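Everything below concerns the one structure shown next.
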Amino acid sequence: MKIKYLIGLMLILGLGLQFFRVNKLNEIVDTKQEDRYKKIVYSDSKDIPDGELKHLVLISHIESEGQGGIYENLKEVFNYAKTVYDVKYLKNLKKGEVFRYQSIIIATDNYKYLKKDIYEEIKNYIAGGGNLIILMNSYFNPFNKIAGIEELKGFSEGNGLKFKKKIFPGIDETKIIGEDAESITNSLLDIKLKADVEIIAETSEGYPILFETKVGDGRIIYTNATFFVDRSINGILIQLISYGNDFFLQNIVNTKVMDIDDFPAPLPRGRHKLIYPKYKVDTRKFFRDIWWPDMKRIAEDENLIYTGYIIGTYEDITRADKFNEFNENDILDNVYFGRELLTLNGEIGIHGYNHQPLGLKDELNHNYNYKDWETVEDMAASVTAIRKNLRDMYSGLEARVYVPPSNMLGAAGKKVLKENLPSLEVLSGLYSGTLEKGVLITKIGWDKDEPSLYNFPRFTSGVLYDDREMLAMYQGIALYGIFHHFIHPDDILDKDRGDGKNWEELKKELSLYFQNVNEKFGFLRAQTAYDGYRETLKLDKLKVHIFKEGEDIDVYFENFPGKTYHYFRLRGKKIEKIVGGKVQLITFDEKTTLYLLEADKNKISIRLK
């Protein structure tokens, strides 16, 4: 009898100790993610004049798939760059119109309805100092000859990409060659160029795909490729247009976000062949005593703030009546890592109750052996369970950002999330990737299924250093001024994600991403995913109006949020003076200079020299 009482007393003391440990951890740090955001006060420039600078996008009367893809990409990049432009069909272009534009951008390969007198006007426009940017190649392009094509031999194909001119830091240094070259494939014109043509970029075999020709006082930028139909290279698209203008102002977010998926999450137990032989510790101890301290050092050294996405359990149960209570040891691990993350000014979002994607059977593909949810109610119960888990472990914490497991999320899953996570504001999927059923690949902006949720996608992932991944990383910075990368703690344990390398090797490769970005873009602000979203959102309604007279450029803002950031490129000029903002040099070469411009007023004036 006494033994039974003793055992009961020990159980009570054990549970009490666990309760004390969890709550003591919460007392050490304020785990609530308080709303620390001030209300944004917008303002408008006064007395905005008429006659602002615009760009002209020309398309044909035929809505081909290729032309449609390029046009959609142009709309995306110009929308966030805040570039003012007109779109016209070639057949509707009237005499005298082209001379009012800062540049002409041709986004078609069909010139059937280009009138001869309009063609002559465009030639005169270029010779007089205008900029023509051609985004699709065509055997029958009437501008081929003056663009520098001496001989047309037929058609060819080319793989890979390497730049010969400095159009944007990182992009112009990264080469996609060798085995990686097939990831970028283009249909090319087999051409011979005139001697005075300047190659901007070429295939891995050396065939020209982007080149520039001087015509009178103006220039033609020619695309001998088909890859601008692919939105994954929209960063190159906007920078090529910027490079082809005498000056170009591009709105950016200026943020650097680093995500850790499946963190906090239940730690693997036991010994692992990639860990134990080197460190002589089990897997759980490795993550607590080696991996996490290293990750904290990386954050400090490379100026990062982590956003973690919690998983409650890796059980694949998809019926609410079968859900199990969370393991106590897992809870303690989650509390420990969550506390550590928040102490570093990080953020905790939600990955899931478990790792089963939210969506009904007919909404998702079944290539990854996930289990279907029985009902919408079961999905809702899983969301409620992880929300309660968060609140219990972190003193009432509510998540604002959601990352779907394996990047799959159905419309029904989005609805469940919105209805059962009242604090949720952001969905974070992928910016580009393989289009599969149920995969969340999105532009930045409000979600089409749940318009009250905002898509703030990630551009890159992984711990293995890779040139293709590096190019994608630079694309995000070139397009939006956004670095958004993610990893998993267990990348080291996965054959594909870790390539069988030990943590010392992977740690060095991961750090290379940040070192390269910080070296080139040290101005990027380290933020959580939610902070990055907030900075992105406040620019949604921003409008930019640009005027130039002589050596003076005036920029007027509408819906100005108090401070904005921009890339500002100049050809053959320098900045003598700026009022209402300040600039810092990013890079320069013999042709162009690229600045980071910070606007502090709703009107800025720039004097050139």
Side-chain angles (χ1 to χ4, degrees), residues 259-275 283-284 287 308-327 330 334 349-386 389 402-417 420 427-442 449 457-458 460-464 469 486-501 506:
D259 292 347
I260 309 178
D261 290 2
D262 299 274
F263 182 75
L267 290 176
R269 266 46 177 189
R271 297 177 178 179
H272 194 279
K273 62 183 179 180
L274 290 174
I275 293 171
T283 308
R284 178 175 180 269
F287 281 110
Y309 295 92
I310 194 169
I311 283 283
T313 176
Y314 285 108
E315 293 178 347
D316 59 1
I317 299 170
T318 53
R319 283 181 49 181
D321 60 348
K322 301 291 186 181
F323 288 172
N324 295 315
E325 292 292 325
F326 292 122
N327 181 279
D330 291 341
N334 281 0
I350 286 180
H351 205 34
Y353 159 80
N354 55 20
H355 213 274
Q356 307 306 305
L358 298 178
L360 298 176
K361 184 176 182 179
D362 59 351
E363 294 181 315
L364 308 176
N365 72 72
H366 294 77
N367 299 332
Y368 306 101
N369 299 317
Y370 288 109
K371 285 192 174 181
D372 293 318
W373 291 92
E374 298 284 334
T375 65
V376 169
E377 290 73 24
D378 289 318
M379 281 193 285
S382 77
V383 174
T384 301
I386 192 60
N389 188 235
Y402 175 82
V403 165
S406 293
N407 199 51
M408 288 199 295
L409 180 63
K414 294 176 186 178
K415 189 171 188 295
V416 162
L417 285 166
N420 294 276
L427 300 176
S428 200
L430 297 180
Y431 177 75
S432 63
T434 304
L435 291 174
E436 297 179 77
K437 190 175 183 181
V439 173
L440 187 64
I441 295 176
T442 69
D449 298 315
R458 290 95 71 83
T460 51
S461 66
V463 292
L464 292 168
E469 208 70 21
F486 74 94
I487 66 167
H488 305 83
D490 67 347
D491 282 338
I492 185 176
L493 309 181
D494 186 274
K495 181 180 178 182
D496 294 325
R497 288 184 272 127
D499 197 31
K501 297 181 179 180
L506 295 178

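The structure displayed is predicted, hence computed values, not measured ones.
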Side chains of [X] and [Y]: does their closest heavy-atom pair fall under 4.5 Å?
X      : Y      : answer
Leu360 : Val376 : yes
Leu493 : Pro268 : yes
Thr313 : Asn324 : no
Asp491 : Leu464 : no
Leu267 : Thr283 : no
Trp373 : Ser382 : yes
Leu440 : Lys414 : yes
Pro264 : Ile310 : yes

Exercise for review: Could you label the plane-to-plane angle of the Tyr353 and Phe326 rings as parallel, tilted or perpendicular, counting under 30° as parallel and over 60° as perpendicular?
Suggested key: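 The rings of Tyr353 and Phe326 sit tilted, inter-plane angle from 30° to 60°.
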Checking the side chain of [X] only, and the main-chain atoms of [Y] only, is there a donor and an acceptor separated by less than 3.5 Å?
X      : Y      : value
Asp494 : Arg497 : yes
Lys437 : His366 : no
Thr318 : Asp372 : yes
Asn354 : Tyr314 : no
Gln356 : Lys371 : yes
Glu363 : Ala412 : yes
Glu469 : Ser461 : yes
His488 : Asp490 : no

What's the spacing between [X] [atom1] and [Y] [atom2] if we round to 0.5 Å?
X      : Y      : atom1 : atom2 : result
Ile260 : Tyr309 : CD1   : OH    : 10.5 Å
Asp261 : His355 : CG    : NE2   : 7.5 Å
Thr384 : Met379 : OG1   : CE    : 12.0 Å
Ile350 : Tyr402 : CD1   : OH    : 8.5 Å
Ile487 : Arg458 : CD1   : CZ    : 11.0 Å
Arg319 : Asp321 : CZ    : CG    : 4.0 Å

**Study point:** Residues Asp330, Arg269: salt bridge by 4.0 Å N-O rule
**Key:**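 Salt bridge present between Asp330 and Arg269.
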